[in-house]
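Predicted model only: the values in this text are computed from it and were never measured. Residue numbers start from 1 in every chain, and the chains themselves are labelled A, B, ... in the order their sequence lines are given, proteins ahead of strands.
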There are 2 protein chains.
Amino acid sequence: MAVRAAGTSKPTAKEDILDAAEAVFAARGFEGASMRAIAEAAGVAQALLHYHYKTKEGLFEAMFTRRSGAINRIRLARLDVMLARGQPSVEDIVEALLRPTIEAGHDPRRGGSRFAGLILATGTAEDDWRRDLVARSYDPMAGRFIAALTAALPGLDRAAATWGYLFVVGAALTQMAPTGRADRLSGGEARDEDTDAMLARAVVFAAAGLRALAAAGPDVH
Amino acid sequence: MAVRAAGTSKPTAKEDILDAAEAVFAARGFEGASMRAIAEAAGVAQALLHYHYKTKEGLFEAMFTRRSGAINRIRLARLDVMLARGQPSVEDIVEALLRPTIEAGHDPRRGGSRFAGLILATGTAEDDWRRDLVARSYDPMAGRFIAALTAALPGLDRAAATWGYLFVVGAALTQMAPTGRADRLSGGEARDEDTDAMLARAVVFAAAGLRALAAAGPDVH
DNA sequence: GTCTATAGTTCGATAGAC
DNA sequence: GTCTATCGAACTATAGAC
C-alpha cells in the first residue's frame, strides 16, 4: 500500500500518516474525514499530523500528489516503452492509461481501487484548490495520452480526442470503486470485484468509442 | 429549478428548503454541506429544516429522491414512447438515458448539471444508507434500459449489457458537472459548458462502445 | 519528533415562545 | 408552521512538556 522511493525501505511515521490519510480520505471524502480519525488509523497523536503537514489541506495534497504521481509515472513509462517500439494500438494505449490506477490504489479488502472515487470527488469539488490540484497532478499526463490517441487515430480532431479521453477515464474510474452495483444489476453475472474482467470490457468499449469519434469527424449532431 | 407536481404552483417553504438543499449539497457534498448553510440559502430558520425533515439524512434523502424521481420519470417516458413505435436504435436509447440528467439538474450559472456529481458521490459513499438510496432510486430504471439495450443489440449478454450501461452512465455523468477540464486540455476547442456538443459526442462514443461489446461476445480478454 | 492538554470554532439537534 | 436561543458533541489547530 505504501508508495516509497527505491532505497528507503523502513516505514516512517510521516509515511504511515500518508497511508492512513489515503485510506480515511478515500473512504469518507475530504470533509467527512477528520484529523482525529487519520491519527488513530496511523497510530500517532493528532498533533503529529499538524507538525508534518501543517493543515488538513496540506495533508490531503501530500497524500494526493504521492499517489497520483506514482500512478502517472507508471502510465507514462508504459506509454514510452510502446512508442519506442512503433505505433501502439488504441487498445494498448487505453490499457496503459487505465490499469495503473486499478493496481496502484488497490484495496485488498474490497478488490477495487480506493483512490478512484477520490479522484472523481476532488476533480469536481467546489474549492478551486482541489480542482487545481487535479489539474496540476493529471493534465501533463493527460496531454501526452491525448496526443498518443491522436497519432493512433487519424481523423480524431483535438476536441474529439479530449472528450474521448475524458469519456474513457470517466467510464473506467466510476467502475473501479466496488459498490456492488454491477453484481446487483446483472443478477451476479458481472462482478464488481473482478477488476480484470471489468478492465477487459472497458478496453473493448473505449477503443470502439474512440474509433467512432475519429470516424465521425469534427461535425457531430 | 424546483420540481413540482402538476397543479401545485405556489412555492412552499418546504419545497424552498429542498431547492436550497439540492444547491448546497451538490456544491459541497453531504458532509461539506451544513444545515445552517442550507437554511440560509432557503431563507428560513435552521429549526424549520428539522421540523420538516427531522435529520440531515432525512433532508438529503427527500432532496435526492425528488430529483432522481423526476429524471427517471422522463427517461422511462421517452423509452416507452420509442418502444411503442418499434425497435429504437442504440443511439436513441443512449440519448433518452443521458439527456434528462443534463436537463433536469441544469445549472443556469455554470451550464452543466449540478446534480450529476452528487449521484456519483452518493453511489460510492461508504455509508450503506447512501449506496442503498442510489440503488433504490436508480436500479429499476437501469434494469429497463439494460433490457432495451439487450433487445437492440443481439449478442450482448447480461454481463456485457450491465457493464456497458455503467460505462455509458459513468462516461457521461463525469462530464456533466463543468470543471473547466475539457477547455484546458483541448486548448479551448472542447467547451465544458457546451453540454449539447458533449452529449452528441457521448452518444457516438457510447453507441460504438456498446456495439463492440455485443460483437466481442461473452469471452473478452 | 512525538506527546498531552486544551483553546476556539462549528456542527446537528432540540426546547419552547408565538 | 416558523421563529430565537442554546445545548452538547465534534472539529481543526496550537501551546508547551519531553
Side-chain angles (χ1 to χ4, degrees), chain A residues 2 4 8-64 66 118 121-122 125-130 133, chain B residues 2 4 8-64 66 118 121-122 125-130 133:
Chain A
R4 258 184 295 279
T8 60
S9 57
K10 279 260 290 295
T12 67
K14 196 170 177 183
E15 284 182 334
D16 287 344
I17 292 171
L18 282 191
D19 292 341
E22 183 172 330
V24 177
F25 277 130
R28 307 223 267 257
F30 178 77
E31 289 91 351
S34 73
M35 298 293 271
R36 277 171 165 77
I38 294 168
E40 189 180 10
V44 301
Q46 187 195 339
L48 197 59
L49 275 57
H50 288 97
Y51 171 78
H52 282 300
Y53 301 102
K54 201 69 184 172
T55 64
K56 187 179 181 182
E57 285 82 359
L59 174 57
F60 185 86
E61 179 157 339
M63 174 278 299
F64 194 87
R66 180 186 69 153
L118 205 51
T122 307
E126 199 192 24
D127 314 337
D128 285 340
W129 77 267
R130 270 187 281 175
L133 176 58
Chain B
R4 258 184 294 280
T8 59
S9 56
K10 280 259 290 294
T12 67
K14 196 171 177 183
E15 284 182 332
D16 287 344
I17 292 170
L18 282 191
D19 292 342
E22 184 172 329
V24 176
F25 278 129
R28 307 223 267 257
F30 178 77
E31 291 90 351
S34 72
M35 297 293 270
R36 279 172 167 77
I38 294 169
E40 189 180 11
V44 301
Q46 188 194 339
L48 197 60
L49 276 57
H50 288 97
Y51 172 79
H52 283 300
Y53 300 101
K54 200 71 183 171
T55 65
K56 188 180 181 182
E57 284 82 359
L59 174 57
F60 185 86
E61 179 158 340
M63 172 280 298
F64 194 88
R66 179 185 69 154
L118 205 50
T122 307
E126 198 190 25
D127 314 337
D128 284 340
W129 77 267
R130 269 186 283 176
L133 177 58

Provide the start and end nucleotides, 5' to 3', of the part of DNA chain C that has atoms under 4.0 Å from heavy atoms of chain A.
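Using the under 4.0 Å cut-off, the span is C/dG1 to C/dT4.
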
Rounded distance (nearest 0.5 Å) linking atom [atom1] of [X] with atom [atom2] of [Y]:
{"X": "B/Phe60", "Y": "B/Arg130", "atom1": "CZ", "atom2": "CZ", "answer": "6.5 Å"}
{"X": "B/Ile38", "Y": "B/Leu18", "atom1": "CD1", "atom2": "CG", "answer": "10.0 Å"}
{"X": "B/Leu118", "Y": "B/Phe64", "atom1": "CG", "atom2": "CZ", "answer": "6.5 Å"}
{"X": "A/Met35", "Y": "A/Ile17", "atom1": "CE", "atom2": "CD1", "answer": "8.5 Å"}
{"X": "A/Asp127", "Y": "A/Leu133", "atom1": "CG", "atom2": "CG", "answer": "11.0 Å"}

Using a 4.5 Å cut-off on heavy atoms from C-beta on, say whether the side chain of B/Val24 contacts that of B/Arg36.
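No, too far: nothing below the 4.5 Å cut-off.
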
Please report, rounded to the nearest Å, how far the [atom2] atom of [N] is from the [atom1] atom of [X].
{"X": "A/Ile38", "N": "D/dC11", "atom1": "CD1", "atom2": "P", "result": "11 Å"}
{"X": "A/Met35", "N": "D/dT14", "atom1": "CE", "atom2": "P", "result": "10 Å"}
{"X": "A/Tyr53", "N": "D/dA13", "atom1": "OH", "atom2": "P", "result": "15 Å"}
{"X": "A/Leu49", "N": "D/dA15", "atom1": "CG", "atom2": "C1'", "result": "17 Å"}

Can you list, by residue number, the residues of residues 39-46 of chain A that have a non-hydrogen atom closer than 4.0 angstrom to DNA chain C?
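Those residues whose heavy atoms fall under 4.0 Å from DNA chain C, taken from residues 39-46 of chain A in numerical order, are A/Val44, A/Ala45.
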
Side-chain donor/acceptor pairs under 3.5 Å, residues 44-58 of chain B, sequence neighbours excluded:
| unit_1 | atom_1 | unit_2 | atom_2 | d |
| --- | --- | --- | --- | --- |
| B/Tyr53 | OH | B/Lys14 | O | 2.8 |
| B/Thr55 | OG1 | B/Glu57 | N | 3.4 |
| B/Thr55 | OG1 | B/Gly58 | N | 3.0 |
| B/Lys56 | NZ | B/Phe30 | O | 2.9 |
| B/Lys56 | NZ | B/Ala33 | O | 2.7 |

Which heavy atom of B/Arg66 sits nearest to which heavy atom of B/Glu15, and what is that distance?
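Where B/Arg66 meets B/Glu15 most closely, the heavy atoms are NH1-O, 4.2 Å.
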
For B/Ala33, which contact category applies under a 4.0 Å heavy-atom criterion: base, sugar-phosphate, or nothing?
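Touches sugar-phosphate only.
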
Are A/His50 and D/dA13 close enough that a side-chain N or O sits under 4.0 Å from OP1 or OP2?
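The answer is yes; a side-chain N or O of A/His50 sits under 4.0 Å from OP1 or OP2.
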
